[in-house]
Amino acid sequence: MPIGGRKVPPNVVEFDVATVASTISGREVELTSMWNRMFEPRVITDTGPDGFAELNALTGAESLERCYGCGKCVPVCPVDVVGEYGPRKLHRKVQIGENLLASDELWMCTTCANCLRVCPKEVNMVEIMPAAREEAISRGEVPNELTQVFEATFRQGNAMGANPRRRAAWTKKAGVPVRELPKDPAPVDVLFYVEDYWSYHPRGQEAAQAFARIMHALGVDFAILGAEEKTLGDSQRLAGERGLFESLMEDVTATLAKYEFNRIVTPDPHGFNALVKEYPKHGHTYDVAHYTQFLAPLVDRLELTTPIEARVTFHDPCYLGRHNGEYDAPRTLLRAIPGIDLVEMGRCRENAYCCGGGGGGMWLDGFMSDKVSERLSERRVREAAESGADILAVCCPYEVSRFSDAAKSTGNEHLQVLDIAELLDTAMGSPKA
């Protein structure tokens, strides 16, 4: 304690051996002094600032150096929940000499932005990761799964590598007319930008068909681009392929310039993020809404006459919620459905857990398999099941397939995974084609 304004050094009494008696059992344990000594000093002077200098040279990656180790990011990092991760841990590894650009850990971040939400120094992984990944790709350091997706996207304009002529195949079973602008280029009110997983994935197609029936029921004048549509490319950008993203953007904006429309509606939060945040940086500005934002003000016009007697919980997509601040529109739609008992998971809204598909993670489950104890989607499905829900409602095309697979692998087959568009369509009693 301070005496006379000065600290007095402690009077250290050191023993080679000490006997300690347990206060519970009374058993005596002999401890030698080795337990209280460090055998040799930890060497931290053989590393320098080179790692941070390398990152600081990359536009967007500079903020990692701001970390001062408060650790707030680690408990909210979805990857750390199932493994060992977080900006603070990455900062420390760069600090002691690890080359992040050559590390597998560069590809583990899903850019969910939960760390940025709590970081007092605004260490921005949403900017750091794409910048560092772009540099790693230029050096040939990229997981094989991503290489395949990049090649498929470059060749076919979609991450699935599917034939563009099949983009509109889902419309044949929609049961309502869906206009394709290349075949009928007259002006249209709403351009429905379907994106990849609603266009090609079987479960995504079911949601696209449901949404088309909803739009038809509302009397909305809408159309799609069909074979001329290409992915908006935001996930490819976040995975480090900025050049591919910019090439896609040039093609997409050239296509959009051919047609007259008032607004764009898309089901994909990642595509939505690209249109509202990235495309305007290059001078391309549109009136854009996620489909839940578009439908929420119109839901009273839907005849939801078929009750769905079920307990439902909702998963907030990172790129609709934390990235773009939309939490209420999906819940407005769910609460409008008769019979539904909406319950929240412990981690929801601003602190919602990530499905694992963001930042290129959609295509890296194999890469991640030996780095985490379970997939992020599996962890989220467990949380949904623990809420007592019968249905896990989603509004991102990535999530129906991810969570359906996770429900099977975790033994929660009883948990149905349904898009909000499918639930609305069911409540409308729409005849399926």
Side-chain angles (χ1 to χ4, degrees), residues 110 112-113 190 192-199 201 203-215 218 232 234-235 264-276 288-299 302 304 308 310 312-337 340 342-345 347-350 352-358 362 376-377 380-381 383-384 387 389 391-404 406-407 415-428:
T110 64
C112 76
V190 173
F192 173 26
Y193 211 98
V194 189
E195 268 289 6
D196 295 354
Y197 282 82
W198 268 25
S199 293
H201 193 283
R203 286 291 285 110
Q205 290 177 337
E206 292 176 11
Q209 291 156 5
F211 182 67
R213 289 190 285 268
I214 294 168
M215 296 283 271
L218 289 169
L232 294 161
D234 207 43
S235 290
I264 298 174
V265 173
T266 182
D268 186 358
H270 304 273
F272 173 72
N273 185 73
L275 288 170
V276 299
V288 187
H290 184 260
Y291 88 86
T292 59
Q293 295 175 319
F294 179 79
L295 292 180
L298 306 176
V299 69
L302 290 174
L304 304 177
I308 299 176
V312 176
T313 193
F314 172 64
H315 168 78
D316 289 278
C318 300
Y319 273 79
L320 184 62
R322 272 189 299 273
H323 280 264
N324 289 288
E326 183 57 75
Y327 301 102
D328 296 327
R331 290 172 170 82
T332 296
L333 296 175
L334 289 170
R335 292 191 180 104
I337 299 173
I340 279 184
L342 182 62
V343 296
E344 297 284 6
M345 288 180 271
R347 283 184 278 204
C348 62
R349 299 182 73 92
E350 292 86 350
Y353 196 67
C354 176
C355 79
M362 184 67 187
L376 275 66
S377 55
R380 190 54 161 167
V381 160
E383 293 181 0
S387 75
I391 296 172
L392 172 56
V394 301
C395 62
C396 172
Y398 286 0
E399 290 161 0
V400 173
S401 59
R402 292 187 68 78
F403 288 147
S404 293
L415 184 69
Q416 282 188 284
V417 183
L418 295 170
D419 194 281
I420 291 176
E422 295 178 282
L423 290 168
L424 288 169
D425 186 50
T426 299
M428 285 166 50

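Computed from heavy atoms alone, side chains included, the values below leave out hydrogens, waters and symmetry copies.
- Checked for salt-bridge contact, R402 and E399 miss the test: no charged N lies under 4.0 Å from a carboxylate O.
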For side chain to side chain contact (heavy atoms under 4.5 Å, CB included), just list the numbers for I308 and I391, CA-CA rounded to whole Å, side-chain angles, deciding distance to a tenth of an Å, and then say yes or no. CA-CA 10 Å; I308 299 176; I391 296 172; 4.3 Å; yes

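- A donor-acceptor contact shorter than 3.5 Å links the side chain of T266 to the backbone of Y193.
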CA sep, side-chain torsions, deciding dist, call: L304, V299, side chain to side chain contact (heavy atoms under 4.5 Å, CB included): CA-CA 9 Å; L304 304 177; V299 69; 4.2 Å; yes

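- Of the possible donor and acceptor atoms, none in the side chain of D316 sits under 3.5 Å from a partner among the backbone N and O of C348.
- D328 has no carboxylate O lying under 4.0 Å from a charged side-chain N of R335, or vice versa, which leaves the two without a salt bridge.
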Any chance you could lay out the side chain to side chain contact (heavy atoms under 4.5 Å, CB included) test for F314 and I420, step after step, and finish with the verdict? CA-CA 9 Å; F314 172 64; I420 291 176; 3.8 Å; yes

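- Distance CG/D425 to CZ/R213: 4.0 Å, rounded to 0.5 Å.
- Y291 approaches P267 most closely through the heavy-atom pair CD2-CA, 3.6 Å.
- Under the 3.5 Å distance criterion, the side-chain polar atoms of R322 are matched with a main-chain donor or acceptor of A352.
- Formation of a donor-acceptor pair under 3.5 Å by the H270 side chain with backbone atoms of Y398 is not found in this model.
- Shortest non-hydrogen contact noted between L392 and M345 is CD1-CE, 4.0 Å.
- Counting only distance, with no hydrogens or angles, the side chain of N324 and the backbone of Y319 share a donor-acceptor pair below 3.5 Å.
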